[in-house]
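These notes are about the structure you will find just below.
The figures that follow rest on heavy atoms only: side chains count, while hydrogens, waters and symmetry mates do not. Numbering starts at 1 and runs along the sequence shown.
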Amino acid sequence: MLLTAFGGFLSLIFLAMLVLAMVALVMAAVAREDAYRAADKQNKMFWLIILGITVAVNLLVPIIFLQIAGLVATIVFFVDVRPALRQVSGGGRGRGGSSSDGPYGPYNGGR
């Protein structure tokens, strides 16, 4: 009983890894090529190949080491590349302004 529950848990983990890699692949494909150069990151084709291999490994190859390596690549894309692309492309806050801005203007510390 415990073994089947653990197997189900691992299946959910592997499914989550696959979904994250697929989302990263779509986000990498949607971003403009010039944004990668402007953000001083690897080019778009590099990330499409890396994330495409990650999706293929998660779907076809049940080798945990390769899946973990793909997870690391996916995490790097989400925490390093994607924020840089959004900053260069004008994404982010949308309105512009500083991080201390509230709904009625900048927060000035009660002065």
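- Residue pairs meeting the side-chain hydrogen bond (donor to acceptor under 3.5 Å, both in side chains) criterion with at least one partner in residues 12-22, sequence neighbours excluded, are absent.
- Every residue two or more places apart in sequence or in another chain was checked for a salt bridge (Lys or Arg N to Asp or Glu O under 4.0 Å) with K44, and none qualifies.
- Members clustered with V88: none, using a 4.5 Å side-chain heavy-atom cutoff among hydrophobic residues.
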Under 3.5 Å, sequence neighbours excluded: what are the donor-acceptor pairs made by side chains of residues 8-33?
residue	atom	partner	partner atom	Å
S11	OG	G7	O	3.0
R32	NE	D34	OD1	2.9
R32	NH2	D34	OD2	3.3

Solution key, residues 45-66 side-chain donor-acceptor pairs under 3.5 Å, sequence neighbours excluded:
residue	atom	partner	partner atom	Å
T54	OG1	I50	O	2.9
N58	ND2	T54	O	3.3

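- Applying the salt bridge (charged side-chain N to carboxylate O under 4.0 Å, His left out) definition to pairs two or more places apart or across chains, those involving residues 66-84 are K41-D80.
- In the hydrophobic cluster analysis, where Ile, Leu, Val, Met, Phe, Trp and Tyr join through side-chain heavy atoms closer than 4.5 angstrom, V79 is grouped apart from L85.
- Nearest heavy-atom pair across Y36 and V81 is CE2-CG1, 4.1 Å.
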